[in-house]
Amino acid sequence: MTKLNVVILAAGEGKRMRSSLPKVLHTLAGCSLLMHVTNTARQLSPDKICIVIGHGGEMVKQSVLGDDITWVPQQQQLGTGHALMQTLPYLDRNGLTLVLYGDVPLISIQTLLELIAKAKEKHCVLLTAEIENPFGYGRIARDPDTRAIKAIVEQKDANTEQLEIHEINTGIMLIPNDYLHNWLPKIENKNTQHEYYLTDIIALSAKQGIQVESSQTRNLWEVMGINNKSQLAELERIYQKHCADKLLHLGVSLIDPSRIDIRGELVCGSDVEIDIGCIFEGNVKLDDFVQVGAHCILKNVKVASDTTILPYSHIEDAEIGENCKIGPFARIRPGTKLSNKVHIGNFVEVKNSQIALGSKANHLSYIGDSVVGKNVNIGAGTITCNYDGANKHQTIIEDDVFIGSDTQLIAPVRVSKGSTIGAGSTITKETPEGQLTLSRSKQVSVSGWKRPQKPKV
Ligand code: UD1
Ligand code: MG
């Protein structure tokens, strides 16, 4: 079996980004440009992935998790041909190498599989595209009669006739490794930029009578490269539109498809409705009939069916049950699990807590490190005081408890089944089942007391 090697070129500085961050570490849809390419490469299950690094090399290396990458340093950036040459000692002698660019983030697995499928015995395959404005790209020079690919001519080296060609080199190509071993050392830098162009191997191939196949992309945005912030912003919008179109196609209602941001994976059931300005990060799953109000942020969240999330709610690393009502302005933090029919209202923060069926905290509360039973009503302004300055402690609130407004529950503490807590209490000890507990000083009125007056001038 022929081995497949993938090389990702990522050594360039990206001067036009005008940033101290290496170009490939800028993010698109919440993920670095390089991670997009690396994840796509991984889906091909190649025998080896080499990433060529230079500018900010150490930082780039740290940014990719996993030990499946062969990191190849390129000390000086002398061109794409020179970059690929650094990988030669690592490539499998009888394999094929697929060249990807770290700054072309959205190349799809389908396009790459189609390109790989065109690789016949010992042919090179180029991914090309017909584009309206080919400025800046290498042009594909074909034989006028046979249409065979003869060479790639860079913008800066092209003559007037070649500049008229609209078929461009995307940079992505598949080359048998023994050719690379043979051709790369032969490349010269006699061109306008004094760089060792990888693209020059195409002319070498044609000269030796070795056929160069071409494969096309389905979507032009897949081969768009990022050189500056406006291209990054443009591609982000294109990507988001693509995600929104996919959701609409699956039947999700988006109030305005141009005002949704997906930075990860969003999976929706049927009849899901999403209002404007929402951000979905990591893995988010919304079951049937879930409604998400405007300007919510959901990160790594599962929401069961028929639940409504009202505007401006932030939910992270949490599970929400069926028929819940969350928000507006709710904050649900990591480790939270809400059962069915739970209500979390405005300015309520829930952290690392489980809340059982039908319980409610509708206004201005903090519930942290707590286990809350069924049918509990937590009054406005209730705080679980879970932190003593050094350690976190647990609060347990059993079924059918009613907690009056503005109560502090000093953890560790248990509020037993059926307890009622009088408003304004500070609870430090376990409360008995079914009784009213309150810790509130008696109301006094001081007759004859006068408010202090400001001296008259
Ligand atoms: C390259 C192609 C051009 C193609 C275009 C598509 C060459 C000579 N030209 O041009 O035909 O149309 O891409 O976008 O290949 N890099 C290194 N080391 C280097 C130089 C570059 O790792 O010494 C990396 C960069 O980080 C980048 C990629 O290679 O990820 C492309 O380099 P770039 O200089 O942007 O090539 P282009 O001039 O755009
Ligand atoms: Mg470029």
Side-chain angles (χ1 to χ4, degrees), residues 6-17 19 21-26 28 32-38 41 50-57 59-61 71-87 97-107 124 126-131 133-141 149 151-158 162-163 165-173 175 180 183-184 187-204 212 214 217 220-228 231-232 235:
V6 175
V7 173
I8 304 175
L9 302 184
E13 182 179 8
K15 277 203 188 84
R16 285 167 288 172
M17 296 300 276
S19 163
L21 197 66
K23 174 158 82 174
V24 293
L25 295 190
H26 286 267
L28 185 136
S32 78
L33 302 180
L34 184 59
M35 268 327 286
H36 280 281
V37 187
T38 308
C50 297
I51 304 183
V52 182
I53 45 172
H55 276 279
M59 225 172 147
V60 174
K61 218 167 149 176
W71 297 98
V72 181
Q74 185 194 21
Q75 304 302 354
Q76 272 182 299
Q77 283 65 58
L78 302 179
T80 48
H82 179 260
L84 194 58
M85 194 140 104
Q86 311 311 306
T87 67
T97 289
L98 174 69
V99 180
L100 301 177
Y101 284 20
D103 62 353
V104 180
L106 296 185
I107 187 68
C124 304
L126 277 184
L127 185 69
T128 73
E130 281 284 340
I131 61 173
N133 176 14
F135 182 84
Y137 288 98
R139 311 295 208 282
I140 307 294
I149 296 176
I152 297 175
V153 188
E154 292 304 302
Q155 167 85 27
K156 289 182 178 156
D157 304 296
Q162 289 163 332
L163 288 175
I165 301 171
H166 286 248
E167 189 186 8
I168 59 109
N169 169 35
T170 65
I172 292 165
M173 57 178 81
I175 314 282
L180 289 178
W183 295 334
L184 285 175
I187 293 177
E188 295 179 331
N189 65 349
K190 290 182 193 148
N191 50 52
T192 331
Q193 304 187 81
H194 304 294
E195 281 186 8
Y196 295 90
Y197 290 164
L198 171 58
T199 45
D200 282 355
I201 64 170
I202 299 304
L204 288 173
V212 180
S214 66
T217 52
L220 280 181
W221 49 261
E222 287 186 32
V223 294
M224 282 170 71
I226 305 295
N227 295 309
N228 56 41
Q231 286 173 333
L232 180 61
L235 199 54

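Predicted model only: the values in this text are computed from it and were never measured. Both backbone and side-chain heavy atoms feed into the values below; hydrogens, waters and symmetry mates do not. Numbering of ligands and ligand atoms starts at 1, following listing order.
For the atom pair CD1 (I53) and CD (Q75), the distance works out to 9.5 Å, reported to the nearest 0.5 Å. Between L180 atom CG and C124 atom SG the span is 8.0 Å, to the nearest 0.5 Å. Put simply, CD on Q77 and NE2 on H82 are 9.0 Å apart, with the number rounded to the nearest 0.5 Å.
Backbone and side-chain nitrogen or oxygen atoms of Q74 are examined, and one is located within less than 3.5 angstrom of a nitrogen or oxygen of ligand 1. Note: an N/O pair closer than 3.5 Å links L78 and ligand 1 by distance alone. By the 3.5 Å distance cut-off applied to N or O atoms, G138 is counted among the residues near ligand 1. At a 3.5 angstrom cut-off on N or O pairs, G79 counts as close to ligand 1. Where the criterion is an N or O separation shorter than 3.5 Å, residue side chain and backbone included, G12 meets it with respect to ligand 1. At under 3.5 Å, a nitrogen or oxygen of A11, whether backbone or side chain, sits near a nitrogen or oxygen of ligand 1. Geometrically, ligand 1 and G136 share no nitrogen or oxygen pair separated by less than 3.5 Å.
Residues I149 and I140 are in side-chain contact: their nearest non-hydrogen atoms beyond the backbone lie under 4.5 Å apart. Proximity of I201 to I175: side-chain heavy atoms (C-beta onward) are separated by under 4.5 Å at one or more points.
Between H82 and ligand 1 there is no heavy-atom distance shorter than 4.0 Å. Proximity of A10 to ligand 1 is established by a heavy-atom distance of less than 4.0 Å. The shell of residues lying under 4.0 angstrom from ligand 1, judged by heavy atoms, includes T170.
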Checklist entry - Could you walk me through whether I226 and H26 pass the side-chain contact (heavy atoms from CB on, under 4.5 Å) check? => result CA-CA 10 Å; I226 305 295; H26 286 267; over 6 Å; no
Checklist entry - How far apart are the C-alpha atoms of M85 and I187, what are their side-chain angles, what is the distance that settles it, and do they pass the side-chain contact (heavy atoms from CB on, under 4.5 Å) test? => result CA-CA 10 Å; M85 194 140 104; I187 293 177; over 6 Å; no
Checklist entry - Given the rule in the side-chain contact (heavy atoms from CB on, under 4.5 Å) test, do T192 and E154 qualify, once you have shown the distances and angles that lead to the verdict? => result CA-CA 9 Å; T192 331; E154 292 304 302; over 6 Å; no
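Below 4.0 Å from some heavy atom of Y197 lie the following atoms of ligand 1, by number and element: 8 (C). Close contacts of ligand 1 with A83, meaning ligand atoms under 4.0 Å from a residue heavy atom, involve 17 (C), 18 (N), 22 (O). Within ligand 1, counting atoms from 1 as listed, the ones closer than 4.0 Å to a heavy atom of T199 are 7 (C), 8 (C), 9 (N), 11 (O), 15 (O).
Using a 4.0 Å cut-off between heavy atoms, E154 contacts ligand 1 through its side chain alone, with no backbone atom that close.
A side-chain donor-acceptor contact under 3.5 Å links N191 to the backbone of E195.
Across T80, I51, V24, D200, heavy-atom proximity to atom 36 (O) of ligand 1 is greatest for T80. Nearest-residue assignment for atom 24 (C) of ligand 1 (options L9, I8, N227; heavy-atom criterion): L9.
The only member of T128, L163, N169 that meets side chain to side chain contact (heavy atoms under 4.5 Å, CB included) when paired with R139 is L163.
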